Trainee: 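Quick one: structure below, then a few questions.
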Amino acid sequence: MSRNAVAAPGTLGRRTPNRLASALTATTVYCALLAAWELYGRAEYRPGGVLPPPSQILGVLWNGRAGYWSNTLTTVGEAAAGFTGGVALAVVLALVMDRLPLIGDGVYRLSLMIYSIPVVALAPALVAWLGLGFTSKAAVALLAAFFPVLVNLTGALRSTDRRVRELGEVLNTGWVGSLRFLRLPYALPAFTASLKIAAPAAFIAAMIAEWVGADQGLGLALLYAMFGYQMPELWAALVLSSAVTGLLAAAFGWIARIATPWHASIDAGSERR
């Protein structure tokens with residue numbers, strides 16, 4: 001105990017300078033890359049070229065802000081509906097598979113087989129079945145969010161520490177009690193980590209579904225820019241999609257830190273900073 005008490009203040013003292021130095025280093029690198037990109041783009045870019053300067057991309061975003069905002073909200077809505085449904089379905093199915101292992105094994109293998117099919121291949125079939133509207137895009141996003149959550153949560157429940165299982169048997173908690181008080185908290189870090197993957201995956205899947213057929217959305221805007229060889233507009237759509245997926249990953253990473261502050265990955269991330 002005395003060693004921990006002495007080491008803790010030193011550790012806390014090192015974290016703030018390390019975090020500040022890391023932030024300053026990352027900011028410097030990003031600014032240098034953007035400056036180099038801007039200089040190169042201004043010197044070499046011609047209409048139809050591949051790498052317009054960042055200032056031109058920002059100008060396209062600003063001038064078309066109403067359309068880009070509307071398209072982004074459309075895709076975010078489709079992804080949010082699919083993500084919510086996919087997570088709910090994955091949790092329910094994981095619990096059913098855990099309660100009924102004989103049935104669960106077959107369902108789990110079938111899910112992995114479907115997961116091996118690329119979203120690009122599934123999207124046309126779902127759009128043809130459900131139509132060009134909101135439902136087909138949400139269904140594709142649902143599939144993209146469903147499998148990471150199902151695989152991670154099922155794996156975490158099946159790999160529960162033997163000592164945790166033995167504790168449930170000693171306390172005679174039964175399946176429901178053991179699941180609620182012991183096994184689900186044990187699986188919570190894996191579940192929150194899967195959300196960090198599933199949310200950006202749902203957004204990307206919704207964009208891919210819009211490529212197949214849609215009347216609005218960020219994926220459609222990206223497709224039009226690509227086939228029209230409008231590079232500033234293409235980069236503008238890419239910047240927006242990257243910003244949204246980055247924000248989603250950061251948001252669910254923050255949720256994971258709040259929900260599982262005891263987990264080793266949180267401590268490891270703090271030590272690195």
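What you see is a predicted model, and the numbers here were worked out from it, not measured in a lab.
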Trainee: Contact between V149 and F191 at the side-chain level, heavy atoms closer than 4.5 Å - yes or no?
Mentor: yes
Trainee: Tell me the closest heavy-atom pair linking Y224 and Q230, and the distance in Å.
Mentor: O-OE1, 4.4 Å
Trainee: Got a second to check how far T154's OG1 is from L150's CG, nearest 0.5 Å?
Mentor: 4.0 Å
Trainee: Would you indicate whether the side-chain heavy atoms of L93 and F146 approach each other to under 4.5 Å?
Mentor: yes
Trainee: Got a donor-acceptor contact below 3.5 angstrom from the K196 side chain to the W254 backbone?
Mentor: no
Trainee: Using side-chain heavy atoms (C-beta onward) and a distance below 4.5 Å, is L143 in contact with F147?
Mentor: yes
Trainee: Going by the rule salt bridge (Lys or Arg N to Asp or Glu O under 4.0 Å), which residues pair with R42 if we only count those two or more places apart in sequence or in a different chain?
Mentor: E38
Trainee: Decide yes or no for W129 and S136: does some side-chain heavy atom of the first lie under 4.5 Å from some side-chain heavy atom of the second?
Mentor: no
Trainee: Could you point out which residue of T192, L195, L247, I197 forms a side chain to side chain contact (heavy atoms under 4.5 Å, CB included) with F252?
Mentor: L195
Trainee: About how many Å separate CG of L222 and CD of E233, when rounded to the nearest 0.5 Å?
Mentor: 11.0 Å
Trainee: What is the distance from atom CG of L240 to atom CZ of R65, rounded to the nearest 0.5 Å?
Mentor: 13.5 Å
Trainee: Apart from L73 itself, what residues make up its hydrophobic cluster, given side-chain heavy atom links below 4.5 Å?
Mentor: W69
Trainee: Indicate, with yes or no, if L33 and Y40 share a hydrophobic cluster defined by side-chain heavy-atom contacts under 4.5 Å among Ile, Leu, Val, Met, Phe, Trp and Tyr.
Mentor: no
Trainee: Is there a path of hydrophobic side-chain contacts, each under 4.5 Å between heavy atoms of I/L/V/M/F/W/Y residues, joining Y229 to F227?
Mentor: yes
Trainee: Between W37 (side chain) and A32 (backbone), is there a donor-acceptor pair under 3.5 Å?
Mentor: no
Trainee: Can you name the closest pair of heavy atoms from A79 and A206 and give their distance?
Mentor: N-CB, 4.2 Å
Trainee: Return yes if some donor-acceptor pair links the side-chain N/O of T245 with the main-chain N/O of S241 below 3.5 Å, else return no.
Mentor: yes
Trainee: So which heavy atom on A123 is nearest to which on A209, and how close?
Mentor: CB-CA, 4.3 Å
Trainee: Can you hop from L110 to M97 via hydrophobic side chains spaced under 4.5 Å?
Mentor: yes
Trainee: Is the side chain of W235 donor-acceptor paired with the backbone N or O of L51 at a distance under 3.5 Å, no angle test?
Mentor: no
Trainee: If every non-hydrogen atom of A145 is compared with every non-hydrogen atom of A198, which pair is closest and at what distance?
Mentor: O-CB, 3.6 Å
Trainee: Find the distance between CG (N152) and CG (L157) and round it off to the nearest 0.5 Å.
Mentor: 11.0 Å
Trainee: Taking V87 as the starting point, is it possible to reach I258 by hopping between hydrophobic residues whose side chains are less than 4.5 Å apart?
Mentor: yes
Trainee: So which atom in L218 and which in E210 form the shortest heavy-atom distance, rounded to 0.1 Å?
Mentor: N-OE1, 3.3 Å
Trainee: Could you state the interatomic distance from CG (D215) to CG (L220), rounded to the nearest 0.5 Å?
Mentor: 7.5 Å
Trainee: Considering non-hydrogen atoms only, spot the tightest contact between A202 and A141 and give its length.
Mentor: O-CB, 3.5 Å
Trainee: Heavy atoms, side chains only, cut-off 4.5 Å: are F134 and T74 in contact?
Mentor: no
Trainee: With a 4.5 Å limit on heavy-atom distance, are the side chains of I208 and V140 in contact?
Mentor: no
Trainee: Among M207, Q216, K137, which residue satisfies the side chain to side chain contact (heavy atoms under 4.5 Å, CB included) criterion with T75?
Mentor: M207
